[in-house]
Participant: 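Have a look at this one.
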Amino acid sequence: MVALTAAKQDQNLLSRMAAGDGHGENSAYFDGWKAYEENPFHPIDRPDGVIQMGLAENQLCGDLMRKWILEHPEASICTAEGVNHFSDIAIFQDYHGLPEFRQAVAKFMEKTRNNKVKFDPDRIVMSGGATGAHETVAFCLANPGDGFLVPTPYYPGFDRDLRWRTGVNLVPVTCHSSNGFKITVEALEAAYENARVSNIPVKGLLITNPSNPLGTTLDRDCLKSLVKFTNDKRIHLIADEIYAATTFGESEFISVAEVIEEVPDCNRDLIHIVYSLSKDMGLPGLRVGIVYSYNDRVVQIARKMSSFGLVSSQTQHLIAKMLSDDDFVDEFIRKSKLRLAARHAELTTGLDGLGIGWLKAGAGLFIWMDLRNLLKTATFDSEMELWRVIVHKVKLNVSPGGSCHCNEPGWFRVCFANMDHKTMETALERIRVFTSQLEEESLKLTKPMAAPPMVAKKKMCWQSSLRLSFKDTRRFDEGFFSPRSPVPQSPLVRAQI
């Protein structure tokens, strides 16, 4: 009682925002990160640790970055070769950003879109990563209580990035696996109507292209239909294009900046792009986020708001030098695509060999894995039980579809570009052991006098006697499929329409 009273008093000392849980981090997506942080995998120090497959980060081209930096020490003001620029860069810089930085970013955005569009450096607004860019756009376009339509499944961080401090609602646009989770005008109209019935004024539609978590890209006809839909409704279209350069194979990325050139009488004041260097260049720690709007007023206000999350002038200076090196940029993009394709093939080939399905796609740093056949029941509670087993027993941090607001249980986002080859091999071996143990248990249950096949199939994932052994050298305790977990279950984030 005393503790509860003290906690309440502490909350009274804080604002409602600080004391509340509107941060959106009470989901399995973030719980998986906590499990990894408590016991991170290391091949020597922690071979039984959790492998991080919940982090969409491109670490496949770090060698190219390091090589360029070593060959261009003048790009940093903290080296003997670059220190002469220290005074000019370290002094106060206004929120417009260094001209050379904006020019270099605009040129890079053109390259990642196959030079099919032009970007005006004067419309480049910098922000502290895509997180800050998204929040800035939300502040510019919507009031507390207004809503943005967001096709499902979507990146779990949007619940934090767009809602927490802005008070904006996210209205899910339900997409289905039957058509590869494609966005349809019918689904948009249904979500728009549901928002109207719920008295939520819709201010815009937010899309991610390429998609996080699906890894798919939107085709030209779909993009045109989205532009037409938002123009007809007189609402904004915000295109998150932070994975623009992560396509590989036959997959093609088409930017909304290209499509609006083909839509007659398009109201460009309603078109906005969020971009960053976190995914395409693998530089999330540098916090380079970009708002690019065709609306003059939004550019002006967003630039003023950027004072709360500027990119450091030292980072701007480095990025301007790096992105101005055409030979390096071209080679980096080319090799990044090849390495992403190879890693994607390594993971999906391994899953194919185990009979595990995944959504066919050719972009992003992840796959959308289909484990619906491993659920006890087609429910999100069953998905959470399976997820807890994968995280705490198989020791792989993957993101359950429910945390991404997917309306169908049994899908999981699996990241593949944030680890080395050996770690990927270890992850695939763990999945192989996991599935082989399931198969053994299933065979036991289908022997004579056992439960009927249909019952056995449903129970095969949840036998309390099942043990997991990696390379036949380690075994876990009894209760492998117990619904109890070492950490409390987070409330499941469900899509509310």
Side-chain angles (χ1 to χ4, degrees), residues 26-32 35 50 53-54 152-153 156 174 176-178 181 213 351-352 354-359 367-414 427 430-470 475-496:
N26 55 340
S27 80
Y29 172 76
F30 291 103
D31 277 355
V50 177
M53 303 187 87
T152 64
T174 304
H176 303 276
S177 63
S178 57
F181 295 99
L351 294 180
D352 288 344
L354 297 172
I356 296 175
W358 47 280
L359 184 69
I367 64 166
W368 192 234
M369 183 171 66
D370 184 2
L371 297 184
R372 287 176 292 178
N373 65 324
L374 296 186
L375 299 182
K376 274 200 307 184
T377 59
T379 64
F380 284 106
D381 287 338
S382 186
E383 177 184 274
M384 286 298 294
E385 290 183 53
L386 177 58
W387 172 79
R388 286 196 294 271
V389 168
I390 294 172
V391 172
H392 299 295
K393 298 297 184 180
V394 186
K395 301 293 183 67
L396 300 176
N397 176 32
V398 299
S399 305
S403 69
C404 301
H405 296 265
C406 185
N407 74 310
E408 300 174 18
W411 293 90
F412 295 80
R413 191 190 75 164
V414 183
R430 291 184 180 186
I431 296 172
R432 185 198 64 77
V433 172
F434 173 55
T435 55
S436 66
Q437 292 287 340
L438 293 183
E439 186 175 354
E440 288 177 15
E441 285 298 310
S442 179
L443 290 174
K444 290 178 184 177
L445 290 169
T446 55
K447 288 181 179 180
M449 305 302 293
M454 184 59 69
V455 176
K457 182 180 179 181
K458 284 191 175 184
K459 288 186 175 181
M460 72 176 231
C461 299
W462 314 110
Q463 299 307 306
S464 61
S465 61
L466 186 63
R467 298 169 181 263
L468 184 63
S469 171
F470 295 140
R475 289 185 177 272
F476 289 96
D477 295 334
E478 298 285 343
F480 176 74
F481 283 111
S482 167
R484 289 181 291 277
S485 169
V487 297
Q489 177 183 353
S490 293
L492 180 65
V493 179
R494 298 179 185 272
Q496 301 292 333

Participant: Just to verify, what does Pro156 make a side-chain contact (heavy atoms from CB on, under 4.5 Å) with, not counting sequence neighbours?
Facilitator: Tyr29, Ser403, Cys404
Participant: Considering all heavy atoms of both residues, which atom of Ala28 and which atom of Met384 are nearest to each other, and what is their separation?
Facilitator: CB-CE, 3.9 Å
Participant: Any side-chain heavy atom of Trp411 sitting closer than 4.5 Å to one from Pro213?
Facilitator: no
Participant: Could you tell me the separation between the CZ atom of Arg388 and the CD atom of Glu385, rounded to the nearest 0.5 Å?
Facilitator: 6.0 Å
Participant: Could you pull out all residues at least two apart from Val414 that satisfy side-chain contact (heavy atoms from CB on, under 4.5 Å)?
Facilitator: Met53, Leu347, Ile367, Met369, Val398
Participant: Could you check whether any side-chain heavy atom of Phe181 comes within less than 4.5 Å of a side-chain heavy atom of Cys406, counting everything from C-beta outward?
Facilitator: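 The answer is yes, as the side chains (C-beta and beyond) meet within the 4.5 Å cut-off.
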Participant: With a 4.5 Å cut-off on side-chain heavy atoms, are Pro153 and Arg413 touching?
Facilitator: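 No; the side chains remain at least 4.5 Å from each other.
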Participant: Less than 4.5 Å apart, side chain to side chain, heavy atoms only: is that true for Phe412 and Leu396?
Facilitator: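 They are not in side-chain contact.
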Participant: Would you compute the distance between atom CD of Glu383 and atom OG1 of Thr377 and round it to the nearest 0.5 angstrom?
Facilitator: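 The CD atom of Glu383 sits 11.0 Å away from the OG1 atom of Thr377.
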Participant: Looking at side-chain heavy atoms only, is the closest gap between Glu439 and Thr435 below 4.5 Å?
Facilitator: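 Of all side-chain heavy-atom pairs linking Thr435 with Glu439, none is under 4.5 Å.
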Participant: Hey, are the side chains of Leu386 and Leu375 touching, using non-hydrogen atoms and a 4.5 Å cut-off?
Facilitator: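 Yes. Closest side-chain heavy atoms under 4.5 Å.
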Participant: Looking only at atom types and distance, does a side-chain atom of Glu408 sit under 3.5 Å from a main-chain N or O of Ser177, one as donor and one as acceptor?
Facilitator: yes
Participant: With sequence neighbours excluded, tell me which residues meet side chain to side chain donor-acceptor pair (under 3.5 Å) with Ser436.
Facilitator: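 Result, side chain to side chain donor-acceptor pair (under 3.5 Å) vs Ser436: none returned.
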Participant: Measure across His392 and Ala35 and return the closest heavy-atom pair with its distance rounded to 0.1 Å.
Facilitator: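 Residues His392 and Ala35, closest heavy atoms: CE1-CB, 3.9 Å.
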